[in-house]
Amino acid sequence: MYVKICGLSEPEHVEAAVEAGADAIGFVLTRSPRRVTPERAAELAAPIPAHVLTVGVFRGETPEEVRAAALASGVRAVQLHGHHPHADFTALKDLGRPLVRAVDAAADLRCGAYDEDLLIVDAPRPGSGEPWDWAAVRGRPSGRWMLAGGLDPANVAEAVEAARPWGVDVSSGVETAPGVKDSALIRAFLRAARGG
């Protein structure tokens, strides 16, 4: 089970995620309580080993803004969240970094339909942290796709069983308050996601 821990902003939480076996770590470079500057993301990402994918998360920025922030932060992948047109992904292909498309279940759920490398299927209100009908997407997304939206250590095993994703993505479900991650919750989430 591929696991992405998103919205990290403190070194101890990055370290906890890496040590617990996260496959990807997301840094929010757009409007959010979890936002970090590209410079801060670069500092946080510096000690992350090469086998862990670092992801810059964007929502609504132009390809030019995304490109500048991705290069300044040094992230190894770019995630466009929400209703970005296909042209935005095409414009960023030459960055040579994996592209991640994050959408709700009403969108085209074929991974690669927008030339992306990974797909995230999120709640109807993305970023809300609210659980939703995970089973409703079972069998619909194709390719390498992650389930997101309302996941936490207590429900991730149930969500995986319901939706059968290739991976899972969590942010608010490993927090004690908006934007405040918890190392114990990060470790517990990784264990639960992998049936440990």
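For clarity, every value in this text was computed on a predicted model and none was experimentally measured.
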Do any N or O atoms from the side chain of [X] and from the backbone of [Y] form a donor-acceptor pair under 3.5 angstrom?
X	Y	answer
D122	A102	no
T54	R76	yes
S171	C6	yes
W132	R125	no
R31	G60	no
H81	V103	no
D117	L99	yes
D23	K4	no

* **L190 reachable from I48 in the ILVMFWY side-chain graph, under 4.5 Å edges** => yes

* T30 side chain to E61 side chain, donor-acceptor N/O pair below 3.5 angstrom -> yes

* How would you list all residue pairs meeting ring pair (Phe, Tyr, Trp, His ring centres under 6.0 Å) that involve residues 158-196, not counting sequence neighbours? -> Y2-W166

* Any side-chain heavy-atom pair of E158 and E161 under 4.5 Å -> no

* To do: Find out whether N155 and W134 are in side-chain contact, i.e. whether some heavy atom of one side chain is under 4.5 Å from a heavy atom of the other.
  => yes

* Asked: With H83, which residues qualify under ring pair (Phe, Tyr, Trp, His ring centres under 6.0 Å), at least two apart?
  -> none

* To do: Taking all non-hydrogen atoms of both residues into account, name the closest pair between L151 and V170 and its distance.
  => O-CG2, 3.4 Å

* To do: Heavy atoms only: give me the nearest F58-A69 pair and the separation to one decimal.
  => CE2-CB, 3.6 Å

* To do: Kindly state each residue pair satisfying side chain to side chain donor-acceptor pair (under 3.5 Å) with at least one member in residues 93-103, sequence neighbours excluded.
  => R67-D94, R101-E116

* To do: Take atom CZ of R110 as the centre, draw a 6.0 Å sphere, and report whether it contains more than 12 heavy atoms from other residues, nucleotides or ligands.
  => no

